[in-house]
Structures are given as C-alpha cells and as structure tokens.
> 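So that we are looking at the same thing, I have put the structure below in structure tokens.
Bear in mind that the values here come from a model prediction, so they are computed numbers and not experimental data. Each ligand, and each atom within it, is numbered from 1 in the order the structure gives.
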Amino acid sequence: MPSRLSDAFREVPVHLRNKDHLDFESIREVPDSHTWQDVDDYPSVDTAAVGGVPVVDLNDPNAMKLVRHACETWGVFQIVNHGIPMTLLQEIEAQGRRLFSLPAEHKLKAARSPDGISGYGLARISSFFPKLMWSEGFTIVGSPVEHARQLWPDDYTQFCDVIEEYVKEMKGLAGKLMWVMLGGLGITKPDLKWAGPKGDFKEASAGLQLNSYPACPDPNRTMGLAAHTDSTLLTILYQNNTSGLQVLKDGSTGWITVPPLPEALVVNVGDLLHILSNGKYPSVFHRAVVHQTRHRLSAAYLYGPPPNTQVGPLEKLVDLDNPPLYKSVTWNEYLETKAKHFNEALGTLRITSTT
Ligand SMILES: C=C1C[C@]23C[C@@]1(O)CC[C@H]2[C@@]12CCC[C@@](C)(C(=O)O1)[C@H]2[C@@H]3C(=O)O
Ligand SMILES: O=C(O)CCC(=O)C(=O)O
Ligand SMILES: [Fe+2]
C-alpha cells in the first residue's frame with residue numbers, strides 16, 4: 001500500500017476538533033474540511049471480472065479449504081450459517097441507529113477522551129490525514145456502562161444488554177473461526193498454547209467499533225473511513241443493507257466492493273494473524289466509502305489475543321525454507337506501534353533477511 005495518504009499530518013489534536021463534528025443531517029455540500037483528493041487512488045474493479053469476495057457456508061464440509069483459499073488470496077470472506085441470530089444483528093443495528101441519531105452535543109457527552117480508547121468520536125486514524133472523514137464512530141473496549149449512562153441516564157441498560165449479548169456471541173464465533181482459519185494451515189490446538197487448555201480462547205481480548213456513515217451529497221469527493229488494515233487477529237463485520245466496504249485484493253488493480261448480503265458477516269484477516277501465519281494470510285487493506293442517499297451502519301468486532309501474550313510466526317510454519325518473517329509482539333505493543341506508524345506498523349516488525 002503506498003504511504004502517500006498516510007503521511008502523518010498532525011495539526012489540531014483530534015479531541016479538540018469538536019468544531020469538526022459536522023451536523024451531517026443538515027449539510028447540503030461537502031465542506032473543504034471533508035474534501036478528499038485521492039478517493040480514486042485506485043480504480044473501482046468490476047467484480048464480474050475478478051469474481052467477488054468469497055462467500056463461505058460454515059456448514060459446508062469443505063469450509064476449511066475454502067476459508068484457507070480466501071485467506072491466502074483475498075484476506076477477506078463472507079460467512080453464512082455462522083450461528084449469530086438475525087434478531088441480534090437487527091438489535092445491534094437498531095442500537096447503533098439510536099446512538100448516532102442523538103444530537104451532536106448529546107453524543108459528545110460520551111466523547112472518547114484524548115488518551116482513552118472507548119467512546120464517541122471521529123475515526124481515530126483521522127490524525128494521519130489532512131482531511132476529515134464522513135463518519136462517526138463509537139468504540140467499546142470493556143464495559144460500555146459509563147458511556148451509555150452519559151447518553152441515556154434513565155435507560156442505559158437497553159444499550160448495554162445488547163452490546164453484552166453481541167460481544168458474547170461474537171467471541172464464540174471468533175474462536176471457532178480461528179480454528180477454521182488456522183486449521184487450513186495444519187495448525188491444531190496443541191500448536192497454540194495461549195488459546196488455553198480447551199482451545200476456547202477464553203483470555204482473548206476484543207473491541208467493538210460501531211461506525212456510522214451518513215448519506216452524503218457528493219460521495220465521490222469524500223471518504224467514509226480511509227484505507228487501513230486492522231491490528232487484530234481477525235475482524236467480524238456486520239454491515240447494514242447499504243454497500244460501502246471495499247477491499248484491495250492482492251494482485252488486483254483496484255477497490256472491490258464487499259456487497260452486503262442478508263444474514264452474512266464479513267471476516268477479515270488482521271495484522272496479528274498476518275504475523276502468526278508468517279505472512280501466509282496477509283491482512284487486507286480496506287476502506288469505507290459513502291452513499292448519496294443512504295445512511296450506512298457497521299459494527300466491527302475486533303478480535304485479538306490476550307493483551308500481553310507474545311504473538312510471532314507459529315513454529316509449525318517456520319523452517320529453513322520458510323524463515324520467520326516477523327518479530328514477536330503483544331497486542332498491546334502492536335496497538336501502540338499502529339497508533340504511531342499507522343499503515344507502516346507491520347513493516348516495522350519485518351525481519352530483513354541477511355543473505
Ligand atoms: C482494538 C482496537 C483496534 C482499533 C484500535 C482499538 O483499540 C479500538 C478501535 C479499532 C479501530 C477501528 C477502526 C479502524 C482502526 C484502525 C482504528 O483506528 O480504530 C481500528 C484499530 C486497529 O485495528 O488498529
Ligand atoms: O464500515 C466498514 O465497512 C469498515 C469498518 C472498519 O474497517 C473498521 O471499523 O475497522
Ligand atoms: Fe477496519
């Protein structure tokens with residue numbers, strides 16, 4: 001990924017940019033603060049030409065093979081028959097809508113603090129770009145109670161109950177997906193000690209990111225969420241019925257849209273799985289573009305290892321012909337590296353061959 005978009009541009013710290021919380025509902029044209037020059041940095045690719053992002057039925061007896069192929073060639077796939085009730089997906093969407101439709105001053109009561117992780121705010125990667133993004137986000141790491149109380153003092157449990165249930169279900173699904181994805185590389189439970197004695201990833205950590213992309217009068221001149229990889233092992237994304245997620249497939253010439261499919265979830269490979277798999281499953285660059293008339297919502301479940309566990313290339317995937325390509329790192333350390341180096345973070349861990 002070229003770095004020209006990510007040249008660090010640090011002016012007003014993001015937390016001071018309350019003036020930049022646009023009232024998206026009423027605005028009739030894209031202001032200069034949100035006008036992007038590079039939306040068409042790569043062309044959009046007609047999926048008919050390359051085939052679309054793979055869709056895997058988790059009940060398919062060949063699921064492991066299909067997932068392996070998708071991870072190796074795309075870094076992203078959609079899943080159906082994943083076991084998450086449709087009603088829960090509808091509920092998380094409804095809570096997202098409820099949250100983002102609050103007036104701006106009200107949402108700012110739950111603003112992410114300057115050095116905090118959780119809360120409402122602009123995309124945290126905003127500090128790497130000269131222009132702001134056409135989106136708002138709400139990050140939940142740990143309990144959402146304090147922020148929910150600030151938003152709905154008399155009725156915060158509704159939101160918290162849905163989040164709790166969603167995160168619980170996603171954690172179970174993420175653990176299953178880990179074994180399907182790693183199983184494709186011949187990795188089994190004894191190969192991954194930190195998955196715990198039962199291999200249930202009990203100590204795994206995670207975050208939930210609710211994203212809102214309001215309809216935009218001139219969608220081709222702005223950006224919903226700029227191109228990035230996730231720092232995770234894997235991310236499970238629910239998107240409502242409005243398209244916007246695009247991925248860069250290795251070897252293809254441009255952005256490929258991941259169409260919203262009823263009842264499907266999108267799974268993408270993050271940087272830590274890239275490292276763990278010694279580069280066999282590359283993390284995927286993705287971004288979100290916006291729509292002229294439709295409000296788009298997404299919920300990204302960001303799944304990682306226990307925060308202080310060292311993650312490096314799996315021994316089974318390393319030998320004389322396949323030397324380790326990355327240094328080990330903990331998720332906490334990697335998040336710090338990402339916050340500093342953004343899209344160059346993975347490169348800072350690359351082991352350069354001396355031969
Ligand atoms: C667990 C996390 C991954 C994330 C940083 C965070 O602490 C919480 C938000 C996550 C998110 C979501 C949008 C894209 C992203 C790059 C960002 O800026 O915030 C990811 C972070 C990440 O994967 O590095
Ligand atoms: O909204 C989307 O489709 C993408 C969201 C995303 O990439 C993220 O939250 O990390
Ligand atoms: Fe992402």
Side-chain angles (χ1 to χ4, degrees), residues 1 5-6 14 53 75-76 78 92-93 96 100 112-113 115-129 133-142 144 167 170 174 204-214 223-248 255-261 264-275 283-291 294-307 329-346:
M1 184 70 189
L5 275 183
S6 64
V14 171
V53 170
V76 61
Q78 304 219 53
I92 197 83
E93 181 175 338
F100 292 113
R112 199 171 62 232
S113 67
D115 45 6
I117 300 176
S118 295
Y120 169 78
L122 301 174
R124 79 184 55 231
I125 57 177
S126 295
S127 60
F128 291 96
F129 298 91
M133 298 175 212
W134 199 268
S135 61
E136 313 164 70
F138 190 79
T139 310
I140 301 163
V141 175
V167 163
M170 284 289 148
S205 45
L208 182 64
Q209 173 76 20
L210 303 177
N211 298 303
S212 164
Y213 307 93
M223 181 60 67
L225 189 61
H228 65 279
T229 57
D230 294 339
S231 304
T232 53
L233 288 165
L234 61 87
T235 303
I236 306 175
L237 185 98
Y238 168 73
Q239 49 176 344
N240 77 343
N241 60 4
T242 299
S243 65
L245 176 64
Q246 298 185 321
V247 296
L248 266 190
W255 290 107
I256 299 173
T257 296
V258 185
L261 302 176
L265 293 166
V266 182
V267 180
N268 69 256
V269 173
D271 294 341
L272 286 192
L273 186 53
H274 184 126
I275 294 172
S283 53
V284 65
F285 273 98
H286 55 286
R287 69 177 191 177
V289 294
V290 294
H291 197 278
R294 299 172 69 125
H295 181 191
R296 177 164 184 271
L297 284 159
S298 72
Y301 179 76
L302 302 138
Y303 185 71
V329 67
T330 68
W331 201 24
N332 274 350
E333 289 164 350
Y334 192 69
L335 287 172
E336 274 177 36
T337 307
K338 189 80 164 210
K340 203 155 141 203
H341 298 284
F342 187 40
N343 282 340
E344 269 76 50
L346 192 56

> If you count the atoms of ligand 1 from 1 in the order shown, which ones are under 4.0 Å from a heavy atom of L302?
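Per the distance check, 10 (C).
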> Within the 4.0 Å heavy-atom shell around I117, which atoms of ligand 1 are there?
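In order of number, 7 (O).
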> Counting no waters, what protein N/O/S atoms lie under 2.8 Å from the Fe ion (ligand 3)?
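H228 NE2, D230 OD1, H286 NE2, with waters left out.
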> Compute the shortest N/O to N/O distance between R124 and ligand 1 and return yes if it is under 3.5 Å, no if not.
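For ligand 1, there is an N or O atom that lies under 3.5 Å from one belonging to R124.
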> Go through it in stages, so that I can follow the logic: the residues are D230 and L272, the test is side-chain contact (heavy atoms from CB on, under 4.5 Å), and I'd like the CA-CA distance, side-chain angles, deciding distance and then a yes or no.
CA-CA 9 Å; D230 294 339; L272 286 192; over 6 Å; no
> Identify, for atom 6 (C) of ligand 1, the protein heavy atom at the shortest distance, and state residue, atom and that distance.
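Nearest neighbour among protein heavy atoms for atom 6 (C) of ligand 1, to 0.1 Å: L335 CD2, 4.4 Å.
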> Within 4.0 Å of atom 10 (C) of ligand 1 (strictly less), any protein heavy atom?
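There is a protein heavy atom less than 4.0 Å from atom 10 (C) of ligand 1.
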> Using side-chain heavy atoms (C-beta onward) and a distance below 4.5 Å, is R287 in contact with W255?
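Counting from C-beta outward, R287 and W255 do come under 4.5 Å.
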> Taking all non-hydrogen atoms of both residues into account, name the closest pair between W134 and P214 and its distance.
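The pair with the smallest heavy-atom distance is NE1-O, 3.0 Å.
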> Just to confirm, does any protein heavy atom lie below 4.0 Å from atom 20 (C) of ligand 1?
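For atom 20 (C) of ligand 1 the answer is no, since every protein heavy atom stays at 4.0 Å or beyond.
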> Using a 3.5 Å cut-off on N or O atoms only, is K338 in polar contact with ligand 1?
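N/O-N/O distance below 3.5 Å does not exist for this pair.
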> Between CG of D271 and OG1 of T337, what distance do you get to the nearest 0.5 Å?
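Interatomic distance, D271 CG to T337 OG1, rounded to 0.5 Å: 10.5 Å.
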> Can you name the atoms of ligand 1, numbered from 1 with element, that are less than 4.0 Å from a heavy atom of Q209?
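Answer for ligand 1: 9 (C), 12 (C).
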> Identify, for atom 16 (C) of ligand 1, the protein heavy atom at the shortest distance, and state residue, atom and that distance.
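Protein heavy atom at minimum distance: H228 CD2, 3.8 Å.
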> Please report the interatomic distance OG(S127) to CG(L122), rounded to the nearest 0.5 Å.
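Going from OG on S127 over to CG on L122, the span is 10.5 Å.
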> Starting at CG of L335, measure out to CD1 of I117 and round the result to the nearest 0.5 Å.
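The CG atom of L335 sits 7.5 Å away from the CD1 atom of I117.
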> Could you go through ligand 2 and note, for every N or O atom, any protein N or O atom closer than 3.5 angstrom, writing the atom names and distance to 0.1 Å, or 'none'?
residue	atom	partner	partner atom	Å
ligand 2	1 (O)	Y213	OH	2.7
ligand 2	1 (O)	R296	NH1	3.2
ligand 2	1 (O)	S298	OG	2.7
ligand 2	3 (O)	R296	NH1	3.2
ligand 2	3 (O)	R296	NH2	2.8
ligand 2	7 (O)	H228	NE2	3.2
ligand 2	7 (O)	H286	NE2	3.0
ligand 2	9 (O)	N211	ND2	3.0
ligand 2	10 (O)	H228	NE2	3.3
ligand 2	10 (O)	D230	OD1	3.3

> Tell me which one of T139, T232, I140 satisfies side-chain contact (heavy atoms from CB on, under 4.5 Å) with L302.
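It is T232, the one option of T139, T232, I140 that forms the side-chain contact (heavy atoms from CB on, under 4.5 Å) with L302.
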> Check for a donor-acceptor pair, side chain of S135 on one end and backbone N or O of Y213 on the other, with a separation under 3.5 Å.
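No; judged by distance alone, with no hydrogens or angles, the pair does not exist.
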> Between the side chains of N240 and H295, does any donor sit under 3.5 Å from an acceptor?
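N240 vs H295: no donor-acceptor pair found between side chains.
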> Going from CD1 on I125 to NZ on K338, what distance comes out if it is rounded to the nearest 0.5 angstrom?
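Interatomic distance, I125 CD1 to K338 NZ, rounded to 0.5 Å: 9.0 Å.
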> Could you find the nearest protein heavy atom to atom 22 (C) of ligand 1 and give me its residue, atom name and distance?
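Here the closest protein heavy atom is S231 OG, 3.3 Å.
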> Apply the side-chain contact (heavy atoms from CB on, under 4.5 Å) test between V76 and each candidate in L237, T235, V247; give the one that qualifies.
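That would be V247.
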> Within ligand 1, which atoms have a heavy atom of D230 less than 4.0 Å away?
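Atoms satisfying the 4.0 Å criterion: 23 (O).
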> May I ask whether G207 has any heavy atom positioned less than 4.0 angstrom from an atom of ligand 1?
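No.
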> Would you say H274's side chain and S283's backbone share a donor-acceptor pair under 3.5 angstrom?
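Yes, because the side chain of H274 sits within donor-acceptor range (under 3.5 Å) of the backbone of S283.
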> Distance under 4.0 Å to a non-hydrogen atom of T139: what atoms of ligand 1 satisfy this?
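Ligand 1 atoms under the 4.0 Å threshold to T139: 8 (C), 9 (C).
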> Can you tell me how the ring of F342 sits relative to the ring of F129, calling it parallel under 30°, perpendicular over 60° and tilted otherwise?
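Taking F129 first and then F342, their aromatic rings stand perpendicular (interplane angle over 60°).
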> With a heavy-atom distance limit of 4.0 Å, tell me whether W331 approaches ligand 1 through its side chain, its backbone, both, or neither.
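The side chain, only.
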